[in-house]
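Bear in mind that the values here come from a model prediction, so they are computed numbers and not experimental data.
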Amino acid sequence: MTAIKTFVLIGLLIPVTMMSQVISDFETDIEGWYSEGDGDYLLELGTGNPGNNFRVNDDATGDINLSYAPPKFLGAWSGATTSDYISADIFHHQINGGYAAGNFVFQISGPGGTAKALEGTNPTLFDTWITYTVNLDPAEWNVLEGTWSGIMAQVNELIIRMEYINGDEWNRLDNVYLSYTPVVIPVAPVICSDFEEGDYDGWSFASIGSVSNQASGGNPGRAIRINDGSGISLAYAPPKFLGDWNQLDMHAADIRMDILVTNISGSTLVSTNFLKISGPGGIATFPMDLTIEDAFNQWKTFVFPVDESYWIVESGTWAGLINNVNQIEVTVEYIDGSEIVWLDNFCISDLPPIADFTAERFTQFPGVPIQFTDLSINGPTMWEWNFGDGQFSSAQFPAHTYTSSGIYDVTLTSQNHFGSDSETKNAYIEILPIDQCLKFEDDFEDASIDPLYWIKNGTWSEASGNIRQTSNYYVTGNLLEGCFAIIGSPFWEDYEISCDLYSSDNDDIGLVFNWQDEQNMYMFDWNTQGSYRRLLKWENGVETTLATEAVPYVINQWYAIEIESVDGNIILKIDGSEIFNVNDNTFQTGRAGLFCSGNQSSYWDNFSVSCPGTSIDLKVFLEGPYNPTSDLMETNLNTQGHIPLNQPYNPPLPYYDESNPAWLYSGTENVPAIPANVVDWIVVQFRDADAAGNATSATIIDEQVAFLLSDGSVVGLNGTDMIRLQATPVQNLYAVIFHRNHLGVISANPLVESGGVYTYDFSAAADQAYGGTNGHKELESGVWGMVPGDGNGNGLIQNTDETAVWKVDLGQSGYKGGDFNMNGLVQNTDETNYWKVNLGAGGQTPGKASQTGYQSQVPK
């Protein structure tokens, strides 16, 4: 049985003198004692035994009040004998209720375990001083965890219970004696408070409004939340971080803590004492600077090296201080108004970082920044990001903008004084292509808003197959502070928006396009309360009306809106009727989206952004890669990786001694990768004339590069969509196709539109190409194709195509003009099977001099 030794002292008696080595008599202050529980604690004057005392109030049921001793009572107790003891004077005042269960008086704990003494103790008298004493003899303690010798090796927590009634009470503490002087314990890493146990881990606080351990919101898991109070809020680290720091010195360890500041109201407040350490040998501080703002609304790890060169020694000496650090004070006040401060992962550590990160979104359009967040642990101080596109950053939280479509690996290397670590996330970011004709569409059928939208203001949701904004959000007189849902790339150009809209309110609703930023855009704005619809331009926040009509919308009626913005010409249609047609070229590229202001019942559906113009479905074959067995063209240049990512029809001149190839095209189109089934790049022209023979270069109304697929399809640069005509023919529309080492062809007949698509198949018959059998050739029965051999692109197959092209390239692999069968190699068969067979008019071979033979029939 545990021996209980008590001395009952009636009134304010002076205790028997004891040869105590450590004492708290509370005559001047609370000496670093603090209490945890549901009550408050204070220095009470004139009611001690004698003098002043430490008082703990318990005015509610809930957490048990426990008082924690300051560092002078802590350390190595191994040298204590069984005759050494600890004692304390306690004055109990019962308000209501009976004895609580599980009472004890003293508890000691450390890495080696936990022990309690005077268990089951209930005050024998109230409203009088009682002295409780227990020897440091294992026979008088109940070892709850570990071993007695393990506990005595390092006592880093001494608790005196200050609540004994299951109702209300208050108690006083005085004259705490420890007859043995503890030896200061060397502190060695790694020591942490991660607050995952749900308590404060021995931390105490001053000048705060309130403090709580939050079950979520930490970095990660639980964290301490500190509400602002009067004065400068402070936090004090528990004893496990205190002691002899000589093993930590010279940057053998860091002090690290994670801080998050939220609910900010006011300006940044910079303290000279972000972190303060003190002890008998001196005081040192680590000042705060504006990097504290990195913790505003996001977690930030702050690192404090244990090295004199980083600190300001305010008194004593650094060497004397680190012999016994008995207090760590953290300033947790960063705003001159109010804020909430979150504290997590306070550590003394020498661990290298473990790298990790995340991105705000994993799919985006070119030109739109993606925010990356460092999630590395163990206090990194340097960061190196590799975004996979040849760009890098050393910021901890960079925002990176990809300019080309593709799928990118991202790598973060985190480093601190103790080492580094790298994390690579493969295929982590997808940047969507912008060269396809259908740039974006959303029918709002998936019940959640696509994360690609940037949302500003209002209450947005998606349900019942549409998207809606249902708050009455507005700023009087400023439409730019309305509600927006923006999508797309700032590189989008020459596009058409199609969208249905509906309102059961009477305020502003519409669309925006060529959106640059929050101050610069075009806007379609429709209002019934004011009875108008209009096209607006916003430039640097200044409004210009481009067109307007005094026409309101009908409440509770759907409207189909089409807006075309091409080369500075803006056309707006409602339900198929043209309403506005204006010219303004201030913004020719930009994003698009939905808009309303002051409208609590706005709805949109079937939103799409696509190329303007008319779809063109063309088919053509090339002799050389064409395989009669499969009825397809081979894709050797593609599978071998020879096709360039940049369109090849604007080469340095002269090109194989030719200064003006017939297919010369100055566009700068490029792709991040060559799509599957692509045979090669081609050039497509559209000409407007009364007859094919008159469709000269002067009649070109549109020109673009495209990809030719193995089945003869001519497609856009995404490898799937049909190409589109960006003009309207007045007479007849003719299509021209050029390839870099084949003779160009022009359609013999006008292209005819049907169902919104122009269709033409050059391969179907001899008379499908102008010039017939002189303009292209039969590859197999009923299948016609373009003729190879024009290596320099001058529209003729001549001796120079052999001497200046084929012979120059002979024996080489790659993307070569002399590779007439396009297998990736320039061989003798390119001459014998293609150039020599197809040599025709314009050539120097006597036997063919009089032939009209194969040559380009495309009018000059």
Candidate pair D525 and F595, rule side chain to side chain contact (heavy atoms under 4.5 Å, CB included), full reasoning | CA-CA 8 Å; D525 175 35; F595 155 78; 3.7 Å; yes

Y402/Y408 aromatic ring centres below 6.0 Å | yes

Report yes or no: is the cationic atom of R724 (NZ for Lys, CZ for Arg) closer than 6.0 Å to the six-membered ring centre of Y758, at no more than 45° off its axis?
-> no

Quick check, are the ring centers of Y649 and W681 under 6.0 angstrom apart?
-> no

Donor on one side chain, acceptor on other, D809 and Y656, under 3.5 Å = yes

Regarding D688 and N732, is there a side-chain donor-to-acceptor distance under 3.5 Å anywhere?
-> no

Have N638 and Q640 got a donor and an acceptor in their side chains that come within less than 3.5 Å?
-> no

Output yes when a side-chain donor or acceptor of N838 lies under 3.5 Å from a complementary backbone atom of Y834, and no otherwise.
-> yes

Look at the side chain of T589 and the backbone N and O of P490, then say whether any donor-acceptor pair between them is shorter than 3.5 Å.
-> yes

Proximity of Y502 and Y603 rings by center, below 6.0 Å | yes

Exceeds 12 heavy-atom contacts within 6.0 angstrom, atom NZ of K777 | yes

Strictly by modelled atom types, are Y495 and E564 linked by a side-chain donor-acceptor pair under 3.5 Å?
-> no

R687 side chain to A692 backbone, donor-acceptor under 3.5 Å = no

Between W454 and W515, does the ring centre distance come in under 6.0 Å?
-> yes

State which residue, out of V705, V858, I682, fulfils the side chain to side chain contact (heavy atoms under 4.5 Å, CB included) condition with F738.
-> V858

Would you check, one step at a time, whether the test side chain to side chain contact (heavy atoms under 4.5 Å, CB included) holds for K619 with F762?
-> CA-CA 6 Å; K619 182 175 182 180; F762 283 90; over 6 Å; no

Are a donor atom and an acceptor atom from the side chains of D702 and Q726 found within less than 3.5 Å of each other?
-> no

Between S666 and N650, does any side-chain donor sit less than 3.5 Å from a side-chain acceptor?
-> no

Run the ring pair (Phe, Tyr, Trp, His ring centres under 6.0 Å) check on W806 and F820 step by step: do they pass?
-> CA-CA 9 Å; W806 176 78; F820 299 130; 8.3 Å; no

Between D680 and R740, is the closest basic N to carboxylate O distance under 4.0 Å?
-> yes

What's the verdict on ring pair (Phe, Tyr, Trp, His ring centres under 6.0 Å) for Y522 and F587, showing C-alpha distance, side-chain angles and the deciding distance?
-> CA-CA 8 Å; Y522 294 118; F587 310 122; 5.3 Å; yes

Can you find a side-chain donor-acceptor pair between H642 and N636 that sits under 3.5 Å?
-> no

Salt-bridge contact K537-D584 (side-chain N to carboxylate O under 4.0 Å) | yes

Just checking, is any N or O donor in the side chain of Q685 or E703 under 3.5 Å from an acceptor N or O on the other one?
-> yes

Using only heavy-atom distances, determine whether the side chains of N749 and S747 contain a donor-acceptor pair under 3.5 Å.
-> no

D494 side chain reached by C611 side chain, heavy atoms, under 4.5 Å = no

What do you reckon, are the aromatic ring centroids of Y559 and W604 less than 6.0 Å apart?
-> no

E778 side chain to G782 backbone, donor-acceptor under 3.5 Å | yes

Going by distance alone, is a donor N or O of one side chain under 3.5 Å from an acceptor N or O of the other, for D761 and S763?
-> yes

